[in-house]
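What follows is a short report on a single structure.
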Amino acid sequence: MNGNRRSVLKAMGSAAAVLSAPAFLRPAHARVRTLTVASLLGDDKPETRIWLKIGALVEERLPGRFRFNIVRNGALGGEKEVAEGVRLGSIQASLATVSSLSGWVPELQILDLPFLFRDAGHVRKTVEGTIGEELTAKLAAEQFVTGGFINYGARHLLTKEPVSRPEQLQGKKIRVIQSPLHTRLWGAFGSTPVGIPITETYNALSTGVADAMDLTKSAYAGFRLYEVVPFMTETNHIWASGVVYYAAGFWNGLDEEEKAVFRQASAEGATYFNQLIVEDEAASVALALENGGELLKPEAYEEWQAGAQGVWDEFAPTVGAGRIKTVQAL
């Protein structure tokens, strides 16, 4: 009896020791939770490096609790397919341009209005203010939890033949993001917009399904598009904003400590991403030029702006005329 009693007391003492141990020593989080994260590009590009950064920060602050399974090179589909996977819960996190999420949150198109933003700093002021807060709430209502806003850089026109004036787009087939705003913008210049996922653009351009497109400098090199659309006209027409986002089902399963860590890691990751983009743009342009690409400056800039003005008028009821004025005043 005494031996049994000592065994029971010993076991109880061990259990008490575990319960009183610091949180990082307890086995409560012994089960590692895996996040499937979708990235459109490879290890060398900001779209993947941001997740390596976020994963390292989470591991540092919550050791052993999460494993980031980063699926690279668009293997899980384009942005819309990934967003649908996030809503279904088969993918837990990704990045997305606001354009690709505008089908669920049309108000996001405020960040896509052509020639509205002066520079990256102007965009940052907008997303860090009340407009950013409103858009974050609307994304959450659609099951997208925003970890932070990111900036992919300005979008530029990419063509097979030199284009510097808007009338030179007349009759051209242009690949566009699958969003009404982008369709309206390029239709204003007499071109025929064709909605194609980013992962399919290289083939579409090489086979003649499309003659042109617009994209950021970083992604231009990332997808080797200089091979099929060698001319880049530096129109700077749209500053391509995006979000770091998580599936609501995954997010709601986190405790408050974990949510705080993910928020902070995502915010730091977003800052890191924006820095990487600036560096990557320079390297991307150099790579494109080395491989036959050519940079052009737009002519008749006021005509480009005039064509885009109709987009403001048409989308003001959707994005809010008041929001447009707020952005202009920043």
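In this text, all values refer to a predicted model and were calculated from it rather than measured experimentally.
- Between F149 and F273, the ring center distance fails the sub-6.0 Å criterion.
- In this pair, F68 and W51 present their aromatic rings tilted. The plane angle is within the 30 to 60° band.
- For residues 109-121, no pair satisfies salt bridge (charged side-chain N to carboxylate O under 4.0 Å, His left out), with sequence neighbours left out.
- Within the 3.5 Å criterion, the main-chain N or O of A248 finds a donor-acceptor partner in the side chain of N252.
- If you look at F223 and Y202, their ring centroids are not closer than 6.0 Å.
- For E161, the CD atom is loosely surrounded, since the number of other residues' heavy atoms within 6.0 Å does not exceed 12.
- Linking Ile, Leu, Val, Met, Phe, Trp and Tyr residues whenever their side-chain heavy atoms come within less than 4.5 Å places I238 and F117 in a single cluster.
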Report all side-chain donor-acceptor pairs from residues 86-96 shorter than 3.5 Å, counting only partners two or more places apart or in another chain.
| from | atom 1 | to | atom 2 | distance (Å) |
| --- | --- | --- | --- | --- |
| R87 | NH1 | E142 | O | 2.7 |
| R87 | NH1 | E142 | OE1 | 3.4 |
| S90 | OG | G85 | O | 3.3 |
| Q92 | OE1 | T36 | N | 2.8 |
| Q92 | NE2 | G89 | O | 2.8 |
| S94 | OG | A38 | O | 2.8 |

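- Cluster annotation: V82 is not connected to I150 through the hydrophobic network of ILVMFWY side chains, with a link wherever side-chain heavy atoms come within less than 4.5 Å.
- Without hydrogens or angle criteria, K138 side chain to E107 main chain gives no donor-acceptor distance under 3.5 Å.
- If you check the side chains of E294 and Y226, you find no donor sitting under 3.5 Å from an acceptor.
- Q264 and E268 share a side-chain donor-acceptor pair at under 3.5 Å.
- Remark: side-chain polar atoms of E314 are not paired, donor with acceptor, to backbone N or O of V311 under 3.5 angstrom.
- Tracing side-chain contacts under 4.5 Å through hydrophobic residues (I, L, V, M, F, W, Y), one never reaches M213 starting from W304; they form parts of separate clusters.
- Around the CZ atom of R72, the shell of radius 6.0 Å holds more than 12 heavy atoms that belong to other residues, nucleotides or ligands.
- Applying salt bridge (Lys or Arg N to Asp or Glu O under 4.0 Å) to E258 and the options R61, R65, R263 leaves one that passes, R65.
- Judged by distance alone, with hydrogens and angles left aside, the side-chain atoms of S191 form a donor-acceptor pair with the main-chain N or O of W186 at under 3.5 Å.
- In summary, the aromatic rings of F144 and Y246 are positioned with their centroids too far apart to meet the 6.0 Å limit.
- Formation of a donor-acceptor pair under 3.5 Å by the W251 side chain with backbone atoms of T146 is not found in this model.
- In this structure, the side chain of R155 engages the main chain of D214 through a donor-acceptor pair within 3.5 Å.
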